[in-house]
Asker: 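Pasting a structure here, questions to come.
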Amino acid sequence: METLVSLIRPDNFEREVVAEKKPVLLLCMSWGEEFPKQLKVMEDIARKYSEELKVVLLEEEFIEAFKKNFGILGTPTFLILVEGKERRRWLGLADQKTLTDLISHSI
Amino acid sequence: MDQELNGRSLEKRIKDWENEPEKYNPPESTALDLEDGYRTISEKSLVGLYIIQRGRFSYVNSMLSSLLGYESPGELIGKSFWELIHPDDRGLVKLVMEKGQNELFQDRSIFRVFKKDGTILWVHMGGSTTVYQGKPANIGHLININSFKETEKTLRQSLEKYQTIINEIGDGVAEVDLRGNLTFNNDTSFKIWGTSREEAKGGRHYLSYMDENSGKALFQAYNKVFRTGIPDKIIYEINRKDGKRRIIEDSVSLIRKAPDGSVIGFRSVSRDITDRRETEKGLAEHRARLEAIFASVKDGIVTVDPDLRIIEVNKSTEDICGIAPKEAAGKIFSQCFSQCSKSCSEVLRQTLENKMTIKEYRVECGHQQRHQQTVSVTSSPLQDPEGNFMGAVLVIRDITLLRDLERELRERNQFQNIIGRSKKMQDIYRLLEDLANLETTVLISGESGTGKELVARALHYSGERAFQPFVTVNCSALTESLLESELFGHVKGAFTGAIKDKQGRFQAANGGTILLDEIGDISPLIQLKLLRVLQEKEFERVGESTPQKVDVRVIACTNKDLKEKVRRGEFRQDLYYRLKVVEVSLPPLRDRLEDLPLLVDHFCRSFNERFKKNIEGISSEVLSRFMNYPWLGNVRELEHVMEHAFVLCHGGVITLEHLPSEIGDYERTEKIAIPKIRATEPNGDQEVLNALNKAHWNKTKAARLLGISRRTVHRKINRYQLINEE
């Protein structure tokens, strides 16, 4: 997938998220009707905050694996993580403004 | 004399003197004394006194000159009386003075006079005509009534103000006597009745404003108030003169007369509630429509107050969530859901906390009676018309079917590291998704090289154990005793060479997953021990009798026909069924050749990276060769072939010369054995069945024997319903 959004799996989580110095915006979402739109929003955010924020997408096959670790109850769930620890969370579909607000309250 | 003067008014005295002058005419000397006396009285009077002759003042006392702002009476002597009178009042004064020719004029004798400084003074005038010093004269008094006029003006203004208020209020105010005659109405009461104060003149009985039935109802209501003495409300309809039918609400109370309190009438405050009634009716209809929608919509709808207490639940919520509307009302939301994940509760909690809408949040219910149910929930803040926050509304949509359809429609090229977009692989991907979070034991079967370990890893990393250990054991690589020690561990001295305690693979995999590869090759002893682990979740290390508890998900792989081994008594049946709770059967590559180009691309990317090369892909001849090759070693064989080609290829495209000889020569050698391509398709099922049996049901080989495509072989198997009886 050619995208500004990095893909996260259990084997690269430590490197890409926990060890990351910048705050990380992580999207947990299964493929579906709304997925392309949400991915577009994430890419826009990644472009806008390229200096301050890392934007990542949980690979779909590993969503279940991450659910328990992060207490994710459903999708889409957006998490702001700092050194792997959750700072804020947003449930449900989000537009760019919603995510911008979420980010501005977190970093 | 003094007593007499004090006891009777000056005017009376003058009148008596005028009527009977001879009686009061005293002797001259006495008359002088009397005039001096009157003058003294006049000068000391607090009332302004005057004598006018021929329209001019001939006498003015000090009080009058003071009232009119003159320094002394002398200033007024000779001045015109009429010039002092306000022009608008002169006619009135003249009339009064003429009327009172022979009597004191007191009626309507209030008018305005100009003071010396030009300001106006309201005065009351009294006086009469007489003869003074032998000439006709008007003798009289002026009393300052400015303060009374101010008071009167204030009272009048106050009255006007209250009249304006009472006329302008939206409610009609009326009073009626006990005979039903209206004694007071404000303007609004006339408007309510569709008339005006002018039009209503003459029609003073209340029945003149309404029809007979309304009149009867009104009488009964008023009568009830009369009997009970308790103010009451009555709602009635009237047919107005303008033809409109209006609904009126009267608040009726009694009017009592002081001081005995006897009832003298009724006072009513009326309101035209026609519009309100219509609005209420409209609202009621609107609510009825909303309730119908609320009841019939397929989505579950739940409203809660700010404390998460359920206000209302619709019927569909019962269908989706299993809670009855009647039982739910008033309860805390999370307490109503005992059989599911309660994820919706968190959604509502966040809405209440942030006062923001959460849209289309997909949740797997985890409901005990609806295992696969997935819902999309949308939660919004509830606000009253003034914008005050009053809770939240949750809309729950069952999207289980939609989710399943999405899965069906989605064609993936890859699932984790498993490559393939064929129908067979799509089915496997969906099965892997379903198995991800199930703790069940899984048996992965398939020929060597089909990717069984990749599937096992995918299962591990898809589930909740992803961050826990994934341990693999190749069961065929070790002897029984070594495998036992490897799996379960041993204690120091358990056997020769056991110089220290050793942790087994099961212990190492605690919390995670253990992959038992080549499970078909394990001995009966290991089968027994394994069965115990699967059933009891405990084992004993070699040389120890204390059982160890372990939480491990077991995935087993085999390329053997375990069922056949069970039939032959080589594999425990109970273990077989224990392992085969769910079986993932991987197809050989030759049965999903449509995935071959995708796999080739994948290996190209992978080896380009590994060998630091930039090979674009394979030639069409190579692809054709690949498509006709049986790939008995499956994907692993393809991987090795591609690696081989990458080593040899120094150009941009892999050609036949870069392939291993068994593939490069395959088509030529095999063609010797393949019959000529038939012009026509084989007839009958027996010919196809013979070829299939000859090829041990390898459809690719059978196709080559028959000279037809593999696809045609499949078609004929289906058409003739051929069964492999081997």
Asker: Given the options A:Glu59, A:Arg9, A:Glu61, which has more heavy-atom pairs under 4.5 Å with chain B than any of the others?
Answerer: A:Glu61
Asker: With a 4.0 Å cut-off, would you call A:Glu43 and A:Lys40 a salt bridge?
Answerer: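 No, A:Glu43 and A:Lys40 are not salt-bridged.
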Asker: Give the member of B:Ala436, B:Ala458, B:Ser462, B:Ala466 that has the highest number of heavy-atom pairs under 4.5 Å with chain A.
Answerer: B:Ser462
Asker: Taking NZ, NE, NH1 and NH2 as the nitrogens, is one of them in A:Asp44 or A:Arg47 under 4.0 Å from a carboxylate oxygen of the other?
Answerer: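 Salt bridge flag = yes for A:Arg47 with A:Asp44.
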Asker: Under the side-chain hydrogen bond (donor to acceptor under 3.5 Å, both in side chains) rule, what do A:Thr77 and B:Tyr361 come out as? Steps first, then yes or no, please.
Answerer: CA-CA 8 Å; A:Thr77 296; B:Tyr361 189 58; 3.0 Å; yes
Asker: Quick one: what part of B:Gln468 sits under 4.5 Å from any heavy atom of chain A, side chain, backbone, both or neither?
Answerer: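 No part of it gets close to chain A.
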Asker: Need one label for B:Arg465: side chain, backbone, both or neither, based on atoms under 4.5 Å from any heavy atom in chain A.
Answerer: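 Contact with chain A: none, neither part.
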Asker: Taking every heavy-atom pair that is under 4.5 Å apart, which of B:Lys359, B:His460, B:Glu360, B:Gln416 has the most such pairs with chain A?
Answerer: B:Gln416
Asker: Taking NZ, NE, NH1 and NH2 as the nitrogens, is one of them in A:Glu34 or A:Lys37 under 4.0 Å from a carboxylate oxygen of the other?
Answerer: yes
Asker: Which atoms of B:Thr357 are under 4.5 Å from chain A, going by heavy atoms: the side chain, the backbone, both sets, or neither?
Answerer: backbone
Asker: Could you measure the distance from the CE atom of B:Met425 to the CG atom of B:Leu598? Nearest 0.5 Å is fine.
Answerer: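 Rounded to the nearest 0.5 Å, the CE-CG separation comes to 10.5 Å.
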Asker: Top residue by heavy-atom pair count (under 4.5 Å) with chain B, among A:Leu91, A:Asp11, A:Thr98, A:Leu93?
Answerer: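 Counting heavy-atom pairs under 4.5 Å, the top option is A:Leu91.
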Asker: Can you label the angle between the B:Tyr461 ring and the B:Phe470 ring as parallel, tilted or perpendicular, going by 30° and 60°?
Answerer: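 Taking B:Phe470 first and then B:Tyr461, their aromatic rings sit tilted (interplane angle of 30° to 60°).
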Asker: Shorter than 4.5 Å, heavy atoms on both sides: which option in B:Glu346, B:Met356, B:Glu464, B:Glu406 has the most such pairs with chain A?
Answerer: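 Looking at each of B:Glu346, B:Met356, B:Glu464, B:Glu406 in turn, B:Glu464 comes out on top.
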